[in-house]
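For reference, the structure discussed in these notes is given below.
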Amino acid sequence: MTTITTINPATEKAIHSYDIMTEKQATARLESCHGAFLQWRKLTHLERATYLNNIGQKLRDNADELAALMTNETGKLLKDGLVEVQLCAAILDYTAENGPEALADEERVQGLNGKRGVISYQPIGVIYSIQPWNFPLYQPIRVLAANLMAGNGCVLKHASICTGSGLRLRELCIEAGLPKDLFQVLVIDHDTSDKLIAHPMVRGVTMTGSDGAGRHIGAVAGKELKKTVLELGSNDAYLVLEDADIETAVKFSVMGRLYNNGETCVSAKRFIVTDKVYDAFVEAFVAQMQKINMGDPTDKNTQLGPLSSQEQFDTVKKQVDASVDKGAKILCGGEVPKRTGAYYPATVLANLTPGMPAYDDEIFGPVASIIRAIDDEDAMRLANESRYGLGGGIFSKNEERALKLARDDFDTGMIRINSFGAADPNMPFGGVKNSGYGREHGGFGIKEFVNVKSIFLP
C-alpha cells in the first residue's frame with residue numbers, strides 16, 4: 001500500500017503520512033454512504049437543517065484548530081483561514097434557513113387542461129465531490145451543505161496536500177451528530193477516482209479545479225451519463241475604465257490579486273487599463289505591490305504567505321519565466337527570495353501579448369498581468385477574448401454604466417464593480433466558457449443534484 005505525505009510549504013517539513021485506499025476500500029465507503037442516504041432521504045427539510053446548524057456551530061467552536069491546520073497544509077494566511085471557517089459556518093446557516101423553502105413542493109396549474117400539478121425536488125443519491133487545495137474547508141463545505149439539505153449523501157476526494165483538513169472536517173461533522181457514513185472522505189489515486197465515477201451508486205459529480213482536469217472529469221462522467229457541475233479556473237479581468245477612481249482601483253486590485261496568496265479561481269489576474277489612466281494606475285499599483293510584506297503565514301502582520309507547495313511554486317515560476325522570455329517586462333517582483341519555503345513575491349508584469357502564459361493562461365499565484373487598452377470599448381473586448389469566464393471586475397465612477405456593461409457585455413458568471421470579494425452565500429457562484437458550468441450558492445446549488453419531479457393530478 002502506498003502513502004501520501006503532507007508538507008508544510010512554509011517550513012518544508014513533513015506533517016503527516018496517509019495510506020492510499022484500495023479500490024475495494026473506497027468502494028466500500030461509497031456503498032456505506034449510499035446506505036446512509038437511504039435513511040437520510042426520509043428526513044424532512046427542517047430535520048436536515050438542524051444538522052447543518054450543528055455542523056456550523058462545530059466549525060465555529062474549532063475555528064482556531066481548523067485555521068492552523070489549513071495554514072500548515074497549504075500556507076494560507078492564518079487570518080484568512082479564520083475567515084474561511086466563518087464563511088463555511090455562514091453557508092451552513094444560510095442553507096439551513098433557506099433550503100426548506102427552496103426545496104418545498106410547488107403547486108402549478110397544468111397549461112393544457114387547468115388541472116393541478118405538483119413539482120417536487122427529490123434527492124437522487126450519492127454525490128461525488130472532487131475538490132482542490134486552495135480552500136481546504138470551503139470547497140467541500142459548499143458541496144456538502146447543499147447536498148445534505150437536498151437529501152443526498154456525499155463522498156469527498158480532497159486534494160492530497162490537504163488530506164488532514166478533509167479528514168478533520170468529517171470528524172467534526174460526526175461530532176455534530178451527522179450519521180457517520182453519510183459523508184465519506186476518500187484518500188485515493190486518480191485511477192480509483194475514475195472508477196468510482198462509473199459506479200452506479202454515484203449519481204452526480206461535482207469538481208473544482210483546472211480546465212484540463214475538468215475536461216477529463218466531464219468526459220469520464222459524461223460517458224456514464226452522470227450529471228456534473230464543474231467550477232474551473234480563470235484569468236479574471238478587472239477593467240480600469242477611463243473614469244475610474246485610481247485610489248479605489250489600486251486598493252481592490254492589490255487585494256484581489258493577493259487574496260489567499262493569489263491562489264483563488266476568482267482572483268483579479270488580468271488588469272486591463274485604458275490608455276487615459278494607464279500611467280497613473282500602474283505607478284500606484286506597482287508601488288503598493290512593492291510594499292507587500294511576505295513571510296510567516298501565522299504572523300498577523302504578514303500580507304503574503306508561501307504558495308501551497310513546491311510544485312505550485314515551480315509552475316508559477318515557469319509561467320513568469322516563459323512570459324519574460326517572450327517579451328514581458330517585470331515591473332516588480334519576479335525575483336525568488338533565498339529562503340526556506342515555497343515563497344514567490346508579489347509580481348507585476350507588463351508589455352504582455354497573446355501567446356504568453358501571463359496573457360492567455362491562469363497564473364495561480366501573486367502575479368498581476370497589466371494589459372493596456374485604447375479605451376473602454378477596447379478594454380471590454382480584451383476582457384472577453386479570454387477562453388475563460390468565471391469572474392471579473394469593473395472600476396468606474398459611473399456605477400449605472402458599469403452595471404450595464406457587467407450585465408450586457410461582460411461574458412463571465414460573476415462581476416464585481418469597484419470592489420473585490422470571493423464568495424457570498426446568497427449570490428450564485430460559477431462561470432461560463434472554459435470556466436465550467438453549473439452554479440453553487442444563492443439557492444442554485446441546492447437544486448443542481450435533485451430529481452425535479454412533475455406530478456400530474458387528475
Side-chain angles (χ1 to χ4, degrees), residues 76-77 79-80 82-84 86-87 90-91 94 134-135 138 142 231 234-274 277-278 280-282 284-289 291-292 303-304 346 348 362 366-371 373 376 379-380 382-384 386 388-432 435 439-442:
K76 70 164 61 241
L77 299 185
K79 55 191 175 185
D80 286 348
L82 290 169
V83 172
E84 183 172 340
Q86 297 305 318
L87 172 60
I91 290 169
Y94 174 89
N134 56 331
F135 290 94
Y138 162 72
R142 69 183 188 184
E231 194 277 280
S234 191
N235 59 355
D236 288 0
Y238 273 62
L239 281 56
V240 185
L241 300 185
E242 292 181 344
D243 68 341
D245 179 82
I246 299 302
E247 183 177 351
T248 299
V250 169
K251 173 186 174 182
F252 288 109
S253 293
V254 172
M255 182 187 304
R257 180 61 288 210
L258 300 184
Y259 177 65
N260 202 50
N261 298 334
E263 297 167 313
T264 308
C265 53
V266 288
S267 285
K269 299 185 177 81
R270 292 182 299 148
F271 299 90
I272 302 180
V273 188
T274 51
V277 295
Y278 183 89
F281 173 82
V282 171
F285 180 63
V286 170
Q288 290 301 309
M289 292 285 275
K291 294 178 182 177
I292 294 301
Q303 297 170 290
L304 178 63
V348 180
E362 177 179 44
V367 180
S369 298
I370 306 288
I371 300 170
D376 292 354
M380 184 57 71
L382 291 169
N384 286 335
S386 172
Y388 295 112
L390 186 60
I394 299 174
F395 294 109
S396 170
K397 293 177 183 177
N398 188 336
E399 183 178 304
E400 184 177 347
R401 178 168 178 261
L403 174 60
K404 187 177 188 305
L405 287 171
R407 183 184 60 237
D408 299 341
D409 298 310
F410 218 148
D411 195 10
T412 67
M414 300 171 284
I415 300 100
R416 295 271 179 172
I417 295 175
N418 294 323
S419 64
F420 172 78
D424 183 280
N426 199 31
M427 294 292 284
F429 189 104
V432 295
S435 290
R439 291 295 182 269
E440 295 169 303
H441 299 324

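The chain is numbered in sequence order, starting from 1. These numbers come from the heavy atoms of this one structure, side chains and all, not from hydrogens, waters or symmetry mates.
- A donor and an acceptor atom, one from each side chain of Lys76 and Asn260, are located under 3.5 Å apart.
- Minimum interatomic distance between Leu390 and Gly430 (heavy atoms only, all atoms of both residues): CD1-C, 3.5 Å.
- In this structure, a donor-acceptor pair under 3.5 Å is present between the side chains of Ser234 and Asp236.
- Considering only heavy atoms from C-beta on, Tyr278 comes within 4.5 Å of Ile370 through its side chain.
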When the side chains of residues 402-413 are checked against the rest of the protein, which donor-acceptor pairs come out under 3.5 Å, sequence neighbours left out?
| residue | atom | partner | partner atom | Å |
| --- | --- | --- | --- | --- |
| Lys404 | NZ | Asp408 | OD2 | 3.3 |
| Thr412 | OG1 | Met414 | O | 3.2 |

Which is it for Phe252 and Asn418 under the side-chain contact (heavy atoms from CB on, under 4.5 Å) test, yes or no, and what are the steps along the way?
CA-CA 8 Å; Phe252 288 109; Asn418 294 323; 5.8 Å; no
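- Under the rule for a side-chain hydrogen bond (donor to acceptor under 3.5 Å, both in side chains), Tyr238 has no partner lying at least two apart in sequence or in another chain.
- Heavy atoms only, all atoms of each residue included: Ala368 and Met289 are closest at CB-CE, 4.4 Å.
- With hydrogens and angles ignored, the 3.5 Å screen pairs no side-chain donor or acceptor of Ser267 with any backbone N or O of Lys269.
- Comment: Glu231 engages Arg142 in a salt bridge, judged by a side-chain N to carboxylate O separation of less than 4.0 angstrom.
- Residues Glu84 and Phe135 share a closest heavy-atom pair of OE2-C, 3.1 Å.
- Closest approach of Gln288 to Val254, counting heavy atoms only: CB-CG2, 3.8 Å.
- A donor-acceptor contact under 3.5 angstrom links the side chains of Asn426 and Tyr94, judged on distance only.
- Remark: Gln86 CD is packed, more than 12 non-hydrogen atoms of other residues, nucleotides or ligands lying under 6.0 Å away.
- In this structure, CZ in Phe271 is found 11.0 Å from CG in Leu239, a value given to the nearest 0.5 Å.
- Within the 4.5 Å cutoff, the side chain of Ile91 has heavy atoms near those of the Tyr138 side chain.
- Within the 4.5 Å cutoff, side-chain heavy atoms of Phe281 are placed close to those of Ser253.
- A distance of 12.0 Å separates CE in Met380 from OG1 in Thr274, rounded to the nearest 0.5 Å.
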Check step by step if side-chain contact (heavy atoms from CB on, under 4.5 Å) holds for Tyr388 and Val432.
CA-CA 7 Å; Tyr388 295 112; Val432 295; over 6 Å; no
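- Atom CD of residue Glu362 and atom OG1 of residue Thr264 lie 9.5 Å apart, to the nearest 0.5 angstrom.
- With hydrogens and angles ignored, the 3.5 Å screen pairs a side-chain donor or acceptor of Asp376 with a backbone N or O of Glu242.
- Heavy atoms only, all atoms of each residue included: Cys265 and Asn134 are closest at N-ND2, 4.2 Å.
- Here Ile272 contributes atom CD1 and Leu382 contributes atom CG; the two are 5.0 Å apart, rounded to the nearest 0.5 Å.
- Here the CZ atom belonging to Arg257 is positioned 8.5 Å from the CZ atom belonging to Phe285, to the nearest 0.5 angstrom.
- One finds the CD atom of Gln303 at 4.0 Å from the CD1 atom of Ile292 (value rounded to the nearest 0.5 Å).
- For the residue pair Arg270 and Ile371, the shortest heavy atom distance occurs at CD-CD1, 4.0 Å.
- Within 6.0 Å of NZ on Lys79 lie more than 12 heavy atoms contributed by other residues, nucleotides or ligands.
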